[in-house]
S.K.: 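Have a look at this one before I ask anything.
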Amino acid sequence: MKKLTEQLEEIVKAGFERAGYDKKYGFISVSNRPDLCQYQCNGAMAAAKEYHKAPIQIAGDVVEGLRENSAFEKIEAVNPGFINITVSGELLRQAGVQMMTQERFGLERSAEPRSVVIDYGGPNVAKPLHVGHLRSAIIGESIKRIYRYMGDHILGDVHLGDWGLQIGLIITELKKRQPELPYFDESFEGEYPEEAPFTISDLEEIYPYASGYSKEHEDYLAEAQEATVRLQEGNRGYRALYDHILNVSVVDLKKNYEKLNVEFDLWKKESDAQPYIPAMVEKLKADGLAYMSEGALVVDVTEEGDKKELPPCIILKSNGASLYSTTDLATIVEREKLFAPKEIIYLADKRQTMHFTQVFRVAKKAGLAGDDTELTFIGFGTMNGKDGKPFKTRDGGVLRLETLREDTSTEVYKKIQENRDYEEAEAREIAEKVGLAAIKYGDLSNQASKDYIFDMERFTSFEGNTGPYILYTIVRIKSLLAKYEQAGGRVSPTGESEKLLAPVQDSETGLYLTLCKFADTVEAAYSERAPHKICQFIYELSESFNRFYHENKILANEDEERKTSYIQLLVLVKNVLEQCVELLGFSAPDRM
């Protein structure tokens, strides 16, 4: 389906050609002065230089040949050379019909679907999810959904941190506390227990204790480092403990991610890349890219055109140990082998920009990533408290993600109970859905690279540019449709397009015009990897609908044809809003 802007541009370009000008000047944009017109063409301004004519004269020539076109209610040339366009109600009706009758509301999928991997988890095993994991999960999930909606074959990878010192610290502390466990008996040859000797709660206490203790006791740290080496060398008992740590952690992580409505297709781990490291290191050496510097193996990444020299990428430390850069490069090798992706996307704090610049340059320089594989880093800003500093608990600790979600649901629950009398179970269920929308919309409505302040009071408000306001709009439409059915009307889930009438009221016209931005919005969110554009759109659509709702009689309309048309329009708005919030990773309850 051709978008409304494409249809208008086609007509205006033909108008330029008929008037004797190059059609390239017939580009259309949404008007930046909606009080004057809906769309505008500024091409005459650009054409003036080529044709040595006043812009207003060129605009006048073009408009003269388009005045009778049925697509326009009004088209005029305005000094110094703008072409102002107001489209006809019939054209808007046709656009509404197309959105109702075509898949994805007429949005065309990518002509050439790609295989994509998105790395947007990054939690460490044996540690609870905290607010530092929030943005990666929320932004990554939305981008994955947008890519999938556009037709790409995208795989979301949690990419667990499971191979570092934290495992050695846990093993060491377990050995101190439970030395009798068979995992520490070198002579044990039987089967290890299937059940882990600890719970996730135990791990969440053990790791911080061991980490803190190791910083004050060098002998303990050395023991943990030795345990890490023995694990990585394949010690049987330590490997069995590692498997327990991993399994217990993954069960807990899946439970918490599920409550965030975040799903991963792949539960790959840092350790999965380890087998690829030796051959990769040898290739870097053999190709003459890696060299020794101050005992470490490094690769230069500075390129011609850089304003300043970049530090080399360290591949192996002086003691031969690998780093995150080593693992990330080996993971690229693994992903190329398993999935042959056309793009690999990474979500991480924007302060890691240098790290990913180094990794990507080495990957391309060494041919670890294919020539046609796009490596993309999306660096996000910090979620801050009202003091402008990274979000913390009241006592200064790191806030658990589960606690943030529960606190937000509780705040929404209080507001729901102030205004409505629900059964406890239903109120809690509604509060969970609305609370999740408050968190996700509060985050996604900001450009990813920018820091933002998490304001519980504002984010949970049912008014203004918030998740609860968007959901309240959807619920309002659901309520109107339910009342229409209760009164004997018929509501089709996708609407009955043949019953749509051309808009006659300003607010109705405005609602159609906003709906027509859907395809452009999703395409922009896809190409720019920018979920905030969808947030902007659904806020504008919600505002347009609520203006329409307040200015028109819908269910009480005495004109049955107009009332039926309104119902079809409501169905379309609801479906578009529901699709958009699904792309953002949340959903609306039936009541609020």
S.K.: Please answer whether the main-chain N or O of A296 pairs with a side-chain N or O of K317 as donor and acceptor at a distance below 3.5 Å.
M.R.: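 The answer is no, because no donor-acceptor pair under 3.5 Å joins these two groups.
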
S.K.: Salt-bridge test for E205 and R177: reply yes if a basic N is under 4.0 Å from a carboxylate O, no otherwise.
M.R.: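 Here E205 pairs with R177 in a salt bridge, since their nearest N and O are under 4.0 Å apart.
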
S.K.: Counting C-beta onward and ignoring hydrogens, is there a side-chain heavy-atom pair between Q178 and Y183 closer than 4.5 Å?
M.R.: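 With C-beta onward as the side chain, the pair stays apart.
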
S.K.: Would R428 pass as a cation-pi partner of Y413, given that its NZ or CZ must be under 6.0 Å from the six-membered ring centre and within 45 degrees of the axis?
M.R.: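 Yes - R428 lies over the ring of Y413, closer than 6.0 Å to its centre and within 45° of its axis.
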
S.K.: K574: which residues meet the side-chain contact (heavy atoms from CB on, under 4.5 Å) condition with it, sequence neighbours left out?
M.R.: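 In terms of side-chain contact (heavy atoms from CB on, under 4.5 Å), with neighbours along the sequence ignored, K574 is linked to I474, I477, K478, L481, E578.
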
S.K.: Under the criterion side chain to side chain donor-acceptor pair (under 3.5 Å), I'd like the reasoning laid out for Y452 against N384: C-alpha separation, chi angles, the key distance, then a yes or no.
M.R.: CA-CA 6 Å; Y452 75 92; N384 296 325; over 6 Å; no

S.K.: Would you call the rings of Y213 and H217 parallel, tilted or perpendicular if under 30° counts as parallel and over 60° as perpendicular?
M.R.: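 Correct class here is parallel.
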
S.K.: So F377 and F356, would you call those rings parallel, tilted or perpendicular, with 30° and 60° as cut-offs?
M.R.: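 Parallel: the ring planes of F377 and F356 meet at under 30°.
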
S.K.: Between D152 and Y526, do the side chains contain an N or O donor and an N or O acceptor separated by less than 3.5 Å?
M.R.: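 Note: D152 and Y526 side chains meet the donor-acceptor criterion.
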
S.K.: Applying salt bridge (Lys or Arg N to Asp or Glu O under 4.0 Å), name anything that partners K365, two or more places apart in sequence or on another chain.
M.R.: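 In terms of salt bridge (Lys or Arg N to Asp or Glu O under 4.0 Å), with neighbours along the sequence ignored, K365 is linked to no residue.
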
S.K.: Decide yes or no for V158 and L253: does some side-chain heavy atom of the first lie under 4.5 Å from some side-chain heavy atom of the second?
M.R.: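 They are not in side-chain contact.
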
S.K.: Can D328 and Y346 be counted as having a side-chain donor-acceptor contact under 3.5 angstrom?
M.R.: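 There is no such pair (donor and acceptor under 3.5 Å, judged by atom type) between the side chains of D328 and Y346.
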
S.K.: Report yes or no: do N124 and Y207 form a side-chain donor-acceptor pair below 3.5 Å?
M.R.: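 Judged by distance alone, the side chains do not pair up.
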
S.K.: Looking only at side-chain N and O atoms, does Y120 offer a donor or acceptor that is under 3.5 Å from a partner on D157?
M.R.: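 No, because no side-chain N or O of D157 sits under 3.5 Å from a partner of the opposite role on Y120.
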
S.K.: Using a strict cut-off of less than 4.0 Å between a Lys/Arg side-chain nitrogen and an Asp/Glu carboxylate oxygen, indicate whether E258 and K255 qualify as a salt bridge.
M.R.: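 Salt bridge between E258 and K255, a charged N being under 4.0 Å from a carboxylate O: no.
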
S.K.: Would you check if the side chain of N446 reaches a backbone N or O of G442 as a donor-acceptor pair within less than 3.5 Å?
M.R.: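 Side chain of N446 to backbone of G442, a donor-acceptor pair under 3.5 Å: yes, one is there.
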
S.K.: Whether the S587 and E582 side chains hold a donor-acceptor pair (N or O, under 3.5 Å, no angle test) is what I'd like checked.
M.R.: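 No.
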
